[in-house]
> 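My structure is below; once you've seen it, I'll send some questions.
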Amino acid sequence: MEVIVQPTPPDAARMAATLVAKAIRRKPNLVLGLATGSTPLMLYGELIRMHREEGLDFHHVTTFNLDEYLGLPPNHPASYRRFMQENFFSHINLSPQRTFVPDGMTQDIHRHCHEYEDLIVSCGGIDIQILGIGSDGHIGFNEPTSSLASRTREKALTEQTRRDNARFFATLDEVPHNCLTMGIGTILASHQCLLLAFGPKKADVVAAAVEGPVTSMVPASALQFHADAKFIVDEPAAAKLKLRAYYDYVLAHNPG
Ligand code: PGA
């Protein structure tokens, strides 16, 4: 696990975008795992800027989103398909047929989840998985006590997650109770994970995920088992890390 502390969210987003852009230039048909929520927005903004100003080419890139609300059609204002369309896909030259988001309206959940997993494998696996972290430690919508070996499936959202996400809906009652999400095992199978976390509300959970025990009570702590996981966080989100001086030392002595 590598912890990179940046002064501000824009600095962190620029660093993450630089890593993604380098990977796309090295492998134009990169398979990119994507996240929703407020945290990755600046990263998407920076990638859009790189596409417009620096010719970053997404034409051969394939994307897989982590999760989707069950029962929301793709054009619902709070669906993750619509979020991705508005905040990222419509601004770059991705091929629409290579952008995958779980289908919240599927009539056969079990089969759809299996097919999603198979599709990821048939594309060669996810090269870089972008992640946020929920205030309860979730990655994707893998809520506390999710199996650390889980694969794409239906999950019930915690009340805390529903409240955290109510800002995207007209009322709390409208927030779905269930979702489809890649599992923790799916996320761990990606070649690299880039987790972003900003702000003081994430400080406790970042410290628990990085420095606490691996436990399904903090699903993001499973990333301690990943061979190439980077946490890119701003100063407030890093505030509770005990080994902060060490992380800065590692970064300062990293030739890359
Ligand atoms: P946020 O959500 O980026 O809106 O804080 C993160 C998450 O729930 O994974």
Side-chain angles (χ1 to χ4, degrees), residues 6 8-13 15-17 32-47 63-70 72 77-84 86-88 101-102 104 126 128-146 150 152 155-169 172 175-184 186-188 190 193-210 216-223 226 229-240:
Q6 292 289 292
T8 66
D11 295 313
M15 172 172 276
L32 195 53
L34 298 175
T36 51
S38 306
T39 307
L41 282 175
M42 263 183 265
L43 162 62
Y44 298 150
E46 181 62 10
L47 288 171
T63 66
F64 286 94
N65 265 78
L66 284 165
D67 45 20
E68 179 60 284
Y69 292 108
L70 256 185
L72 293 196
S79 84
Y80 284 169
R81 164 61 75 177
R82 172 107 172 237
F83 178 99
M84 292 310 303
E86 288 179 355
N87 292 296
F88 194 36
V101 181
I126 291 172
I128 300 180
Q129 177 64 59
I130 306 299
L131 296 165
I133 183 169
S135 57
D136 62 1
H138 71 218
I139 44 176
F141 268 142
N142 294 283
E143 300 286 28
T145 71
S146 288
S150 49
T152 305
K155 282 295 285 180
L157 301 173
T158 62
E159 275 311 295
Q160 184 176 338
T161 296
R162 292 186 65 249
R163 274 197 303 276
D164 285 349
N165 291 0
R167 66 190 191 279
F168 297 109
F169 294 81
L172 177 59
V175 184
H177 289 264
N178 293 77
C179 66
L180 300 178
T181 181
M182 281 187 205
I184 296 175
T186 321
I187 293 168
L188 291 179
S190 58
C193 289
L194 290 185
L195 185 145
L196 301 174
F198 306 141
K201 284 193 192 140
K202 301 289 171 77
D204 284 317
V205 81
V206 164
V210 174
S216 63
M217 287 300 285
V218 183
S221 67
L223 294 169
H226 198 285
K230 293 186 193 338
F231 276 56
I232 307 181
V233 304
D234 69 352
E235 286 286 352
K240 301 275 176 76

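Each ligand, and each atom within it, is numbered from 1 in the order the structure gives.
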> List ligand 1 atoms under 4.0 Å from Lys202, heavy atoms only on the residue side.
1 (P), 5 (O)
> Would you sort out whether Lys155 and Ser150 count as a side chain to side chain contact (heavy atoms under 4.5 Å, CB included), showing the intermediate values?
CA-CA 11 Å; Lys155 282 295 285 180; Ser150 49; over 6 Å; no
> Within ligand 1, which atoms have a heavy atom of Gly37 less than 4.0 Å away?
3 (O), 4 (O)
> One residue to check: Arg167. Relative to ligand 1, which of side chain, backbone, both or neither has a non-hydrogen atom less than 4.0 Å away?
side chain
> Can you confirm whether the side chains of Asp164 and Thr161 place a donor and an acceptor under 3.5 Å from each other?
no
> Mind checking whether Ile133 contacts ligand 1 via backbone (N, CA, C, O), side chain (CB onward), both or neither, at a 4.0 Å heavy-atom cut-off?
backbone
> Please list, in number order, the atoms of ligand 1 under 4.0 Å from a heavy atom of Gly132.
9 (O)
> Would you please determine whether His138 falls within less than 4.0 Å of ligand 1 on a heavy-atom basis?
yes
> Step through it carefully: locate the ring centre of Tyr69, locate the ring centre of Phe168, and say whether they are under 6.0 Å apart.
no
> Where do Ile187 and Cys193 come nearest, in terms of heavy atoms and distance?
O-SG, 3.7 Å
> Check for a donor-acceptor pair, side chain of Asp67 on one end and backbone N or O of Phe141 on the other, with a separation under 3.5 Å.
yes
> Return the residue, atom name and 0.1 Å-rounded distance of the protein heavy atom closest to atom 3 (O) of ligand 1.
Thr39 OG1, 2.4 Å
> Which residue is it: Leu41, Asn65, Asn165? I am looking for the one with a side chain to side chain contact (heavy atoms under 4.5 Å, CB included) to Thr36.
Asn65
